[in-house]
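Worksheet for the structure shown next.
The chains referred to below are lettered A, B, ... by the order of the sequence lines, with proteins before strands, and numbering in each begins at 1.
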2 protein chains.
Amino acid sequence: MATRSKLQFIILGLLAQENRTGYDLTQAFTDEIGEFWQAGHSQIYPLLARMQEQGLIDYERTVAGTKLEKKLYHITPAGRSALSTWIATPTPELAASKDEFVLKLYFIDSASDSRLPGMLREQLNVHIEKIAHLEMRRQLLFGSEAERQAHFGHFLILDHALQRERDYKQWLEGALRMIEKA
Amino acid sequence: MATRSKLQFIILGLLAQENRTGYDLTQAFTDEIGEFWQAGHSQIYPLLARMQEQGLIDYERTVAGTKLEKKLYHITPAGRSALSTWIATPTPELAASKDEFVLKLYFIDSASDSRLPGMLREQLNVHIEKIAHLEMRRQLLFGSEAERQAHFGHFLILDHALQRERDYKQWLEGALRMIEKA
DNA sequence: CCGCACATGTAAAGCGTTACATGATTGC
DNA sequence: GCAATCATGTAACGCTTTACATGTGCGG
């Protein structure tokens with residue numbers, strides 16, 4: 001029964017919001033939900049074809065200009081049903097975080113390892129930039145109370161991402177303090 | 001050049017600590033580092049063979065009882081060098097977190113969605129249990145200052161995992177308060 | 001007319017999970 | 001003797017990334 005990828009549900013969710021082309025969906029993984037999930041067009045187009053065969057989605061051809069064909073996909077009732085079922089299904093357990101930096105730390109035994117300060121500071125910069133980026137997006141998307149109400153789930157997870165990054169930053173700063181004392 | 005999986009470096013790191021069989025390595029992904037990374041034996045055995053061909057590791061056959069062969073792997077100088085290079089390489093960017101629960105939230109638009117309270121509470125339980133588990137491990141592995149000093153990196157990341165889970169819990173509690181007010 | 005964005009695909013290679021498959025050792 | 005654990009592999013399938021491949025539309 002394999003991994004039953006979440007990608008198809010993301011696509012269903014995005015198509016439930018509005019009709020989109022494969023290209024639009026690809027863009028969404030950069031702009032909208034790149035924070036939470038990633039996928040390239042070479043994964044999306046074949047999956048769209050399979051989902052259409054399964055009746056979860058369908059498309060109509062439209063033409064831009066004189067020749068350029070677009071397939072504008074929309075969700076079917078069966079697709080809506082599958083999406084709804086997925087959302088209602090308990091989320092059993094979270095996978096390991098697979099954070100490469102954390103993994104590297106695992107193999108450093110001594111607090112006085114000469115590589116540690118550089119590694120921690122470099123990572124600190126990465127997260128400081130991430131925080132700035134998330135704060136900007138939060139302001140942009142959810143500056144007003146009305147927008148929070150209209151996309152409450154999105155607001156929640158953006159808020160969560162921001163908290164997580166701030167926590168990560170604090171942890172790195174704490175680690176730096178620990179090794180400085182030693 | 002493909003993804004250049006991190007798994008091989010984990011194996012190098014584990015073999016740098018002590019010599020192990022494929023079976024031992026598999027166990028390590030349950031006991032020791034299951035918190036941070038996962039891998040099954042069917043991924044490990046073929047990779048060990050490839051790494052041995054590349055000269056990163058080697059093994060000697062040993063026999064338990066009268067017949068049962070074990071391959072006891074050890075890291076080679078080339079393997080140590082590869083491990084060291086990997087650790088020293090800047091960690092460019094973290095992948096998206098791929099948290100399925102967060103993904104589901106993204107598709108919930110309204111704070112009054114009837115599924116929200118149940119989803120949040122269920123997830124809260126998951127994380128409360130995780131916190132308890134991590135606190136136990138922290139106590140078990142790093143109850144004494146000496147143990148923190150001997151495996152500083154491991155201590156740091158366990159501490160980080162714990163902080164992350166506490167943060168997650170607080171976020172869920174905050175979300176629950178928000179929807180109760182509405 | 002040039003470059004960038006729009007638009008859609010396929011191919012190759014490796015990663016990762018689940019299932020299939022086999023056999024020995026140890027403790028009860 | 002039987003079960004749990006030790007021990008090592010292969011196969012099938014799907015996911016994911018990178019690269020290959022092609023062509024249109026639009027604005028300057």
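- Without hydrogens or angle criteria, B:R20 side chain to B:L14 main chain gives a donor-acceptor distance under 3.5 Å.
- A:K169 has a carboxylate O that lies under 4.0 Å from a charged side-chain N of A:E173, or vice versa, which qualifies the two as a salt bridge.
- In the interface, the side chain of B:S42 is paired with the base of C:dT18 through a donor and an acceptor atom under 3.5 Å apart.
- Taking side-chain N and O atoms only, B:S5 has no distance below 4.0 Å to OP1 or OP2 of D:dT16.
- Summary of the strand contacts: B:Q43 and B:D24 both lie near DNA chain D, and taking for each the nucleotide with the nearest heavy atom, the more 5' one is attributed to B:D24.
- Atom-to-atom, CG of B:L72 to P of D:dA7 comes out at 10 Å; the value is rounded to the nearest Å.
- When distances run from any side-chain atom of B:T21 to the nucleotides C:dA7, D:dT16, D:dT8, the shortest one goes to D:dT8.
- The separation between A:R20 atom CZ and C:dT8 atom C1' is 18 Å, rounded to whole Å.
- Nearest to the side-chain atoms of A:L68 among the listed nucleotides C:dA7, D:dA7, C:dT25 stands C:dA7.
- The side chain of A:Y23 approaches C:dA7 more closely than any other nucleotide in the set C:dA7, D:dG9, D:dT16.
- Put simply, CD on B:Q8 is 12 Å from P on C:dG14, counting in whole angstrom units.
- Here A:G40 lies out of heavy-atom contact (under 4.0 Å) with every strand.
- Put simply, the side chain of B:D159 never gets that close to the backbone of B:L156: no donor and acceptor are under 3.5 Å apart.
- At whole-Å resolution of the value, CG in A:L7 and C1' in D:dC13 are 17 Å apart.
- B:I11 has its CD1 atom 11 Å from the P atom of C:dG16, to the nearest Å.
- In B:H127, the NE2 atom is crowded: over 12 heavy atoms of neighbouring residues, nucleotides or ligands sit closer than 6.0 Å.
- Between the side chain of B:K70 and the backbone N or O of B:E60, no donor-acceptor pair lies under 3.5 Å.
- Picking from C:dT25, D:dT16, C:dT10 the nucleotide with the shortest atom distance to the side chain of B:K67 gives C:dT25.
- Contact annotation: B:R50 side-chain N/O to C:dC15 OP1/OP2 distance is under 4.0 Å.
- Under a hydrophobic-cluster definition in which Ile, Leu, Val, Met, Phe, Trp and Tyr are linked whenever side-chain heavy atoms come within less than 4.5 Å, directly or via other members, A:L68 and A:Y59 are assigned to different clusters.
- A:L47 and A:L72 sit in two unconnected hydrophobic clusters of ILVMFWY residues. Membership requires side-chain heavy atoms under 4.5 Å apart, directly or through other members.
- Taking a pair as Watson-Crick or G-U wobble with both distances under 3.5 Å, the runs of three or more consecutive pairs in DNA chain C are C:1-28 with D:1-28.
- Residue-level contact check: A:T26 touches neither bases nor backbone, having no heavy atom under 4.0 Å from any strand.
- The nearest whole Å value for the distance from the CZ atom in B:R61 to the C1' atom in D:dC6 is 17 Å.
- In this structure, B:K70 and B:P46 both approach DNA chain D, and ranking their closest nucleotides by distance from the 5' end singles out B:K70.
- Between the CD atom of B:Q38 and the C1' atom of C:dT17 there is a distance of 11 Å, given to the nearest Å.
- A sub-4.0 Å separation between OP1 or OP2 of C:dT8 and a side-chain N or O of A:Y45 is present.
- Looking at A:E135 and A:R166, a side-chain N of the basic residue comes within less than 4.0 Å of a carboxylate O on the acidic one, giving a salt bridge.
- Rounded to whole Å, the distance from CG on B:L47 to P on C:dC15 is 8 Å.
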